[in-house]
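All residue numbers refer to positions in the sequence shown, counting from 1. In this text, all values refer to a predicted model and were calculated from it rather than measured experimentally.
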Amino acid sequence: MYKEDDIKIREAQESDADLYFDWVNDEAVRENSFVSEAVLYENHLEWFRTRLSDSYTFMYVFEIDDLPVGQVRFERGKITLIDISLDREFRGKGLGSLIISLAVKRYFKQSGDNNPVTAYIKSGNAPSVLAFARAGFYDLGEDIVNGIRCRKLQFYNSPNS
């Protein structure tokens with residue numbers, strides 16, 4: 001079982017584009033995404049560069065022993081959305097909730113945002129719902145995103161976090 005001290009968190013950088021591309025096109029990631037088609041490399045590069053330069057997007061890479069194990073992205077808009085993906089070699093090891101928790105703390109500290117963070121998780125993705133719940137997210141029930149049934153979970157920042 002991993003501990004907080006085992007994990008290094010850093011901001012994503014342009015050299016991470018290929019890493020993110022591999023993660024986004026992982027079969028399980030596509031299956032659990034609200035858009036299941038594979039992502040084309042050219043489209044990914046444009047999206048990635050845009051996100052990196054967007055002051056309303058916060059992208060973090062997590063590493064263990066200098067190996068990238070996953071990413072968390074926050075996008076601020078009318079609501080703040082969270083997205084996570086773990087490298088396939090690190091799934092099922094209890095790492096998801098720890099990474100989500102660390103990311104949320106970092107996000108609130110760095111952004112100064114106090115609005116809730118919202119996760120939409122496709123119905124049937126019980127491991128993700130559990131990981132978010134273990135990280136302190138509240139399950140607000142079912143919702144529909146892009147015509148797809150999902151769970152809506154939210155995390156509320158507290159001044160003592």
How would you list, by chain and number, every residue that makes a salt bridge (charged side-chain N to carboxylate O under 4.0 Å, His left out) with Asp18, sequence neighbours excluded?
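Asp18: no salt bridge (charged side-chain N to carboxylate O under 4.0 Å, His left out) contacts found.
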
Nearest non-hydrogen partners of [X] and [Y], listed with the distance:
{"X": "Phe21", "Y": "Val39", "value": "CE1-O, 3.2 Å"}
{"X": "Ile84", "Y": "Gly96", "value": "CD1-O, 4.0 Å"}
{"X": "Ala135", "Y": "Ser97", "value": "CB-O, 3.6 Å"}
{"X": "Cys150", "Y": "Ile144", "value": "SG-N, 4.2 Å"}

Same cluster for [X] and [Y] if Ile/Leu/Val/Met/Phe/Trp/Tyr side chains link at under 4.5 Å?
{"X": "Val61", "Y": "Val69", "answer": "no"}
{"X": "Leu102", "Y": "Ile100", "answer": "yes"}
{"X": "Ile9", "Y": "Phe155", "answer": "yes"}
{"X": "Val29", "Y": "Phe90", "answer": "no"}
{"X": "Ile99", "Y": "Ile64", "answer": "yes"}

Is there a side-chain contact between [X] and [Y] in this structure, where contact means two heavy atoms from C-beta onward sitting under 4.5 Å apart?
{"X": "Lys8", "Y": "Phe62", "result": "no"}
{"X": "Gln71", "Y": "Trp23", "result": "yes"}
{"X": "Ile7", "Y": "Leu95", "result": "yes"}
{"X": "Gln110", "Y": "Lys105", "result": "no"}
{"X": "Thr57", "Y": "Met59", "result": "yes"}

Only pairs at least two apart or in different chains count here, so list each salt bridge (Lys or Arg N to Asp or Glu O under 4.0 Å) that has a residue in residues 76-86.
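Every salt bridge (Lys or Arg N to Asp or Glu O under 4.0 Å) pair that includes a residue of residues 76-86, provided the two are not neighbours, is Arg73-Asp83, Arg76-Asp113.
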
Are [X] and [Y] close enough for a salt bridge, meaning some N to O gap below 4.0 Å?
{"X": "Glu37", "Y": "Arg30", "answer": "no"}
{"X": "Asp139", "Y": "Arg151", "answer": "yes"}
{"X": "Arg88", "Y": "Glu27", "answer": "no"}
{"X": "Glu142", "Y": "Lys152", "answer": "no"}

Taking [X] for its side chain and [Y] for its backbone only, find out whether a donor-acceptor pair lies under 3.5 Å.
{"X": "Asn146", "Y": "Ile148", "answer": "no"}
{"X": "Ser53", "Y": "Arg49", "answer": "yes"}
{"X": "Asn32", "Y": "Ala28", "answer": "yes"}

Does the ring centre of Phe34 sit less than 6.0 Å away from the ring centre of Tyr120?
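No, the ring centres sit 6.0 Å or more apart.
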
Just checking, any donor-acceptor pair under 3.5 angstrom between side chains of Glu46 and Tyr41?
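On atom types as modelled, these side chains do not qualify, holding no pair under 3.5 Å.
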
No-hydrogen, no-angle side-chain donor-acceptor test under 3.5 Å, Thr118 and Gln154:
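Side-chain D/A pair, Thr118 to Gln154: present.
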
To the nearest 0.5 Å, what is the distance between OH (Tyr20) and CG (Leu45)?
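Here the interatomic distance stands at 14.0 Å.
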
Using 0.5 Å steps for rounding, measure from the OG atom of Ser85 to the CZ atom of Arg91.
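If we round to the nearest 0.5 Å, Ser85:OG and Arg91:CZ are 7.5 Å apart.
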
ring-ring contact (aromatic ring centres under 6.0 Å, His included) partners of [X], counting only residues at least two apart:
{"X": "Phe58", "value": "Tyr107"}
{"X": "Tyr56", "value": "none"}
{"X": "Tyr2", "value": "none"}

Full working for side chain to side chain contact (heavy atoms under 4.5 Å, CB included) between Arg149 and Lys122:
CA-CA 6 Å; Arg149 293 173 65 126; Lys122 279 176 72 172; over 6 Å; no

Listed by chain and number, what are the side-chain hydrogen bond (donor to acceptor under 3.5 Å, both in side chains) partners of Ser111, not counting sequence neighbours?
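side-chain hydrogen bond (donor to acceptor under 3.5 Å, both in side chains) list for Ser111, sorted by chain: empty.
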
Below 30° counts as parallel, above 60° as perpendicular, anything between as tilted: where do the rings of Phe137 and Phe132 land?
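Perpendicular: the ring planes of Phe137 and Phe132 meet at over 60°.
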
Angle class for the Tyr156/Tyr138 ring planes (parallel below 30°, perpendicular above 60°, tilted otherwise)?
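Ring orientation of Tyr156 relative to Tyr138: tilted.
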
Apply side chain to side chain contact (heavy atoms under 4.5 Å, CB included) to Val104 and Ile82, showing your working.
CA-CA 9 Å; Val104 167; Ile82 183 174; 4.3 Å; yes

Would you check, one step at a time, whether the test side chain to side chain contact (heavy atoms under 4.5 Å, CB included) holds for Arg10 with Asp16?
CA-CA 11 Å; Arg10 64 174 176 80; Asp16 292 318; 2.8 Å; yes

Asn43 atom CG, over 12 foreign heavy atoms within 6.0 Å
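Yes, CG of Asn43 has more than 12 neighbouring heavy atoms, counting only those of other groups under 6.0 Å.
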
